Amino acid sequence: MGVLRVGVLGAGVVGVTTATELQTEFPTANITIIADKFNQDTTSEVAAGIFRPSTSFSGTSPEITSQWIRDSYEYYDVLRCSEQSSRAGVSQISGYMFSRIDPSIVQNSLLDGIVPLYRRATEEELGLCPGNWKYGSYFTTLLTECTKFLPWSLERFERAGGKVVKKTVTDFRELEHHFDIVVNCAGIGAKFLCSDNKLVPIRGQVIKMRAPWIKTFFYAEQDTYVIPRSDGVIMGGCRHYDSYDVSLSPYDSAAIRERCFKLIPSLQKASFIKERAGLRPHRSIVRVEPEVLNTGLGKLKIVHNYGHGGYGVTSAPGTAKHAVKLVRELHSSTFSHSKL
């Protein structure tokens, strides 16, 4: 039968977690990550990294979605409790969500029951920030800083025998003679690889500030958030549907500053570090499924794992675990009959 050869397309948080999970499941396999962008050049690196799935985040069923979130939380929490937590950039964080509109906005069924603490904010807590907030929640969750997590994961992957190839792939047929199975974690690139019109970019922009006195995260309306990390405080954000523009917008920058300064006035004293923009690969149902592609010369087995939108960091380990299960099923059911 020979040694299983698996290629993982993409080196964002979904790609690297999938690759390391594959190594755990298939310790004798040859696993290769193929990507045109790594570490600071990926969309994942722009992400604030807080573990907070939207209630609109969805797999093919509520059960699968909940399983992804639970598996992801467990994965990061094990890391947080390990001696690798600092190098991997995983820590625990607490904070607030505020709203003036509706109590359902500050409730999250995907988080409640998984995180160690999730409760309604008190009247006194609603007054912590200017804005006459009517509804609020306080919860404790996890933070994964991809500035640390991605290099740490890649180093761990290579140390375990994984290979990394810098290459732009525009057609799956480029890979058919090199791998038995390809796992597609190409993010926004999957739109063109798969001609998937259900996948759309949602442009985001964030500002990183130096404000060490901020220890608590805050979420408010109009996609406003302030998230403290070890390397600065992330202020955001914006959501521009179907926008491919990754250049920095002075208008978004001004709006983010205005909203965040209004929410936490002391941020006006903070010093600027940097600003980033990126494209979230959004799909109404995240695609984690197998496909056998007829290339004309043979059949290429693919497991897709993309479309996580702004919740890639939150859900990557869970969808990776699911994708690896699908790889095992493809491998065991048809590998002996493969002509690849």
Side-chain angles (χ1 to χ4, degrees), residues 12-13 37 39-50 52-57 95-102 105-106 128-133 143 145-147 187-189 191-192 197-214 216-229 231-284 307-314:
V13 67
K37 293 175 182 174
N39 296 331
Q40 71 271 13
D41 297 323
T42 65
T43 298
S44 300
E45 211 273 350
V46 184
I50 195 164
R52 189 193 72 96
S54 166
T55 50
S56 64
F57 177 81
Y96 297 92
M97 288 184 68
F98 293 138
S99 174
R100 286 184 290 265
I101 298 169
D102 193 273
I105 293 172
V106 298
L128 284 172
C129 298
N132 299 313
W133 304 107
L143 184 72
E145 301 179 40
C146 279
T147 47
I188 203 69
K191 180 178 181 69
F192 310 102
N197 292 323
K198 292 179 182 176
L199 184 65
V200 292
I202 298 181
R203 182 188 174 280
Q205 188 166 318
V206 296
I207 304 170
K208 187 183 288 185
M209 306 288 280
R210 189 168 285 106
W213 61 90
I214 305 292
T216 307
F217 68 78
F218 292 91
Y219 275 87
E221 281 146 7
Q222 295 176 295
D223 201 36
T224 303
Y225 51 87
V226 174
I227 300 171
R229 309 192 332 170
D231 58 352
V233 172
I234 304 295
M235 303 193 317
C238 59
R239 291 177 182 271
H240 300 313
Y241 188 86
D242 215 9
S243 169
Y244 290 84
D245 185 5
V246 291
S247 62
L248 294 173
S249 162
Y251 306 104
D252 287 332
S253 180
I256 290 166
R257 287 172 185 270
E258 182 183 350
R259 285 184 276 116
C260 291
F261 291 169
K262 195 172 178 182
L263 184 67
I264 304 177
S266 70
L267 281 170
Q268 294 175 74
K269 299 183 295 182
S271 56
F272 174 82
I273 298 175
K274 67 176 178 179
E275 201 164 359
R276 290 288 304 271
L279 305 180
R280 308 171 178 101
H282 172 76
R283 202 172 185 272
S284 56
H308 301 63
Y311 308 101
V313 178
T314 292

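Note that the numbering runs from 1 along the sequence shown for the chain. Given the structure is predicted, the values throughout are model-derived calculations rather than measurements.
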Give me the atom names and distance for the closest heavy-atom approach of [X] to [Y].
{"X": "S243", "Y": "L279", "answer": "O-CD2, 3.2 Å"}
{"X": "A47", "Y": "V313", "answer": "CB-CG2, 3.9 Å"}
{"X": "A277", "Y": "S247", "answer": "CB-O, 4.2 Å"}
{"X": "I188", "Y": "V200", "answer": "CD1-C, 4.0 Å"}
{"X": "I105", "Y": "M97", "answer": "O-CE, 3.5 Å"}

For this session: Quick one: which residue pairs count as a salt bridge (Lys or Arg N to Asp or Glu O under 4.0 Å) with a foot in residues 234-253, not counting sequence neighbours?
Result: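 For residues 234-253: R203-D252, D223-R239.
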Problem set entry | Pair listing, salt bridge (Lys or Arg N to Asp or Glu O under 4.0 Å) test, anchored in residues 260-282, at least two apart |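 Non-adjacent pairs meeting salt bridge (Lys or Arg N to Asp or Glu O under 4.0 Å): E45-R276.
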Among residues at least two apart in sequence or on other chains, which ones pass side-chain contact (heavy atoms from CB on, under 4.5 Å) with [X]?
{"X": "A220", "answer": "W133, T224, L263"}
{"X": "N132", "answer": "none"}
{"X": "E258", "answer": "none"}

Between atom [atom1] of [X] and atom [atom2] of [Y], what is the distance when rounded to the nearest 0.5 Å?
{"X": "H282", "Y": "Y311", "atom1": "NE2", "atom2": "OH", "result": "9.0 Å"}
{"X": "M209", "Y": "I256", "atom1": "CE", "atom2": "CD1", "result": "11.5 Å"}
{"X": "F272", "Y": "M235", "atom1": "CZ", "atom2": "CE", "result": "9.0 Å"}
{"X": "I207", "Y": "R257", "atom1": "CD1", "atom2": "CZ", "result": "4.5 Å"}
{"X": "R210", "Y": "I273", "atom1": "CZ", "atom2": "CD1", "result": "4.0 Å"}
{"X": "I234", "Y": "I50", "atom1": "CD1", "atom2": "CD1", "result": "11.5 Å"}

Under the rule for side chain to side chain donor-acceptor pair (under 3.5 Å), what residues qualify as partners of [X], not counting sequence neighbours?
{"X": "S54", "answer": "S56"}
{"X": "K208", "answer": "D231"}
{"X": "E221", "answer": "S99"}
{"X": "S266", "answer": "W213"}

For this session: Answer whether the closest heavy-atom distance between the side chains of R52 and F217 falls below 4.5 Å.
Result: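 They are not in contact (no side-chain heavy atoms under 4.5 Å apart), so the answer is no.
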Exercise. Ignoring hydrogens and geometry, is there a side-chain-to-backbone donor-acceptor pair from S44 to V13 under 3.5 Å?
Worked result: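 Yes, the answer is positive, given that a donor and an acceptor are paired below the 3.5 Å cut-off.
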Exercise. Got a sec: does the OH of Y244 have more than 12 other heavy atoms crowding it under 6.0 Å?
Worked result: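 Yes - once you tally the heavy atoms of other residues, nucleotides and ligands closer than 6.0 Å, there are more than 12.
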Problem set entry | With sequence neighbours excluded, residues passing ring pair (Phe, Tyr, Trp, His ring centres under 6.0 Å) with Y96 |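 Partners of Y96 by the ring pair (Phe, Tyr, Trp, His ring centres under 6.0 Å) criterion, ordered by chain and then number, come out as F98, Y138, F218.
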